2 protein chains.
Amino acid sequence: MAINDLSKDLAPIASITMADVVEVKLREYLKKKSFLPGDALPKELELAEALGVSRNVLREALSRLRMLGMIETKKKRGMVLARPDILGTFERVLDPLIIDKETLQDIFELRLVLEMGLADLIYVRKTDKDIAELENIAKKEVNLDNSFRIKNEIAFHGKLYEMSGNDTLKRFQIMLLPIFDYVVTLEKKPTRGKINHMDLVQILKTGSKADFKKGMEAHLKPHFDRLK
Amino acid sequence: MAINDLSKDLAPIASITMADVVEVKLREYLKKKSFLPGDALPKELELAEALGVSRNVLREALSRLRMLGMIETKKKRGMVLARPDILGTFERVLDPLIIDKETLQDIFELRLVLEMGLADLIYVRKTDKDIAELENIAKKEVNLDNSFRIKNEIAFHGKLYEMSGNDTLKRFQIMLLPIFDYVVTLEKKPTRGKINHMDLVQILKTGSKADFKKGMEAHLKPHFDRLK
DNA sequence: ACATTTGATATGTCCTACATAAGGGCTTAT
DNA sequence: ATAAGCCCTTATGTAGGACATATCAAATGT
């Protein structure tokens, strides 16, 4: 696996610290003891002593887990295991400016893939109400200037994600939006598929899932045409 | 947006600490100054003083950024901005045991969506060599006992991701695998679509993209049938 | 029985000290 | 004069102690 080789080669750049080790050990500990969310954890001093590190180092590791939402702490009550917000942690590193070009492109493609695969969920869960709302969004965009068109574009596709009935997916899309926009504006051709939003709405109303997939493909074709 | 309401309601469980604030401020600082990977950062003492916090608190915040791979530190050289591994951070919280049931289901669906949308990338980038390798994997599975069949199943679908030519996607799939398995084994019906792996390979050889999408849909149908 | 106060305790924050590694400049040898 | 080797400086890594603060729980008073 080329990926693993790479990470192996690149790993020793920064020497590992005690906090790194403690973080891993804590994670293993939580898993091994099969703690469940809400369970109380030992106190800092006990953990520090058990691990043979200063409270300082331990707290650096705990701080990391706390950031990920894996634990929560209160003044006297101590620490409890919590449910991390898996997307919240992801969001912290999603900045177009610090992501390398290849990964940006990968994420751009990831959104396209999601958008295409969405059809299968949408056709399981779409309701008439959803379609009506979608149509309203599409109708509005007829006479809008450019800045508002972008907002409407986002609203339309966002509604599609919403219609998937999958909250995680919807949030994921919101997070990916800035990256997508960034890549699109890098290449400055205007992108306009042969199928527009109103067409898609019509297909949703009367067409089959296969029709919708074809429509989506046509709608996104300008983006796919950039791939190589 | 119901999601935001929820997170707003749930937020004040854990009181925010200085480290939380400093983490945000540091992130803003890095963005505002538009540092680029490799750029040197001020020393800990300077940052601590500028922020009006102890070196201890600052280090807790730095420890978080270091975990995310946003910064790297060396003994005398100081700190430099680095490129975070966006998926590495994600991986840390992807444990089926601590993710709530709804999110698990969402992730399960996410993988299905990816797998369906993959076709559009595969048909841009597939090569004869890829298809030959895929066929080899499919051939092997004819006479395998159950435990090996699962491994082969993973190999086959993994190869499909690989054929997308998108490393991020491929790694993403690897991370999602445990979750997917977990959900599948929760419901214990054996899942077998009408289209098997060899069928898919044949379609890839001679069929159109639409054919492949149909085939994929039939292959994954048992999974989709569970959705509601 | 209920409300209030008081004390104990675990986390949050700060400070100081020292270890360690690495860069920079200095000396020395060829 | 150049290169090698040494020492000094410096920024991060780790340790330990001290106090603030919030909160639970028990003791107290009505």
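What you see is a predicted model; the values in this text were computed from it and never measured. We use all heavy atoms of the structure for the numbers below, so side chains are in, but hydrogens, waters and symmetry mates are not.
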hbond_proxy A/Arg55 side chain to D/dG17 base (donor-acceptor, 3.5 Å cutoff):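 Answer no: no donor N or O sits under 3.5 Å from an acceptor.
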A/Asn56 (side chain) and D/dG16 (base): donor-acceptor pair under 3.5 Å: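 Indeed there is one.
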Please report the distance, rounded to the nearest Å, between [atom1] in [X] and [atom2] in [N].
X       : N      : atom1 : atom2 : result
B/Glu72 : D/dG13 : CD    : P     : 12 Å
B/Met79 : C/dA22 : CE    : P     : 17 Å
A/Met18 : D/dT12 : CE    : P     : 19 Å
A/Lys74 : D/dA22 : NZ    : C1'   : 10 Å
B/Lys43 : D/dG13 : NZ    : C1'   : 17 Å
B/Ile16 : D/dA22 : CD1   : C1'   : 15 Å
A/Leu45 : C/dT9  : CG    : C1'   : 11 Å
A/Glu60 : D/dT12 : CD    : P     : 12 Å

Test ring pair (Phe, Tyr, Trp, His ring centres under 6.0 Å) applied to A/Tyr123 - qualifying residues, sequence neighbours left out: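 In terms of ring pair (Phe, Tyr, Trp, His ring centres under 6.0 Å), with neighbours along the sequence ignored, A/Tyr123 is linked to A/Phe212.
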Passing candidate, salt bridge (Lys or Arg N to Asp or Glu O under 4.0 Å) with A/Glu23, options A/Arg66, A/Arg59, A/Arg64: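 Only one of A/Arg66, A/Arg59, A/Arg64 forms a salt bridge (Lys or Arg N to Asp or Glu O under 4.0 Å) with A/Glu23, namely A/Arg64.
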Shortest side-chain distance from A/Thr17, nucleotide among C/dA10, C/dC14, D/dG13: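 The answer is D/dG13, which lies nearest to the side chain.
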A/Val57, nearest nucleotide to its side chain (from C/dG12, D/dA15, D/dA11):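 Output: D/dA15.
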Does a nitrogen or oxygen in the side chain of [X] sit under 4.0 Å from OP1 or OP2 of [N]?
X       : N      : value
B/Arg59 : D/dA11 : no
B/Lys75 : D/dA11 : no
B/Thr73 : D/dA11 : no
A/Arg77 : D/dC24 : yes

Which of parallel (below 30°), tilted (30 to 60°) and perpendicular (above 60°) describes [X] and [Y]?
X        : Y        : result
A/His157 : A/His219 : parallel
A/His223 : A/Phe180 : perpendicular
B/Phe172 : A/Phe172 : parallel

Given DNA chain D, 5'-ward residue of the pair A/Ser54 and B/Pro42, judged by closest heavy atom: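 That would be B/Pro42.
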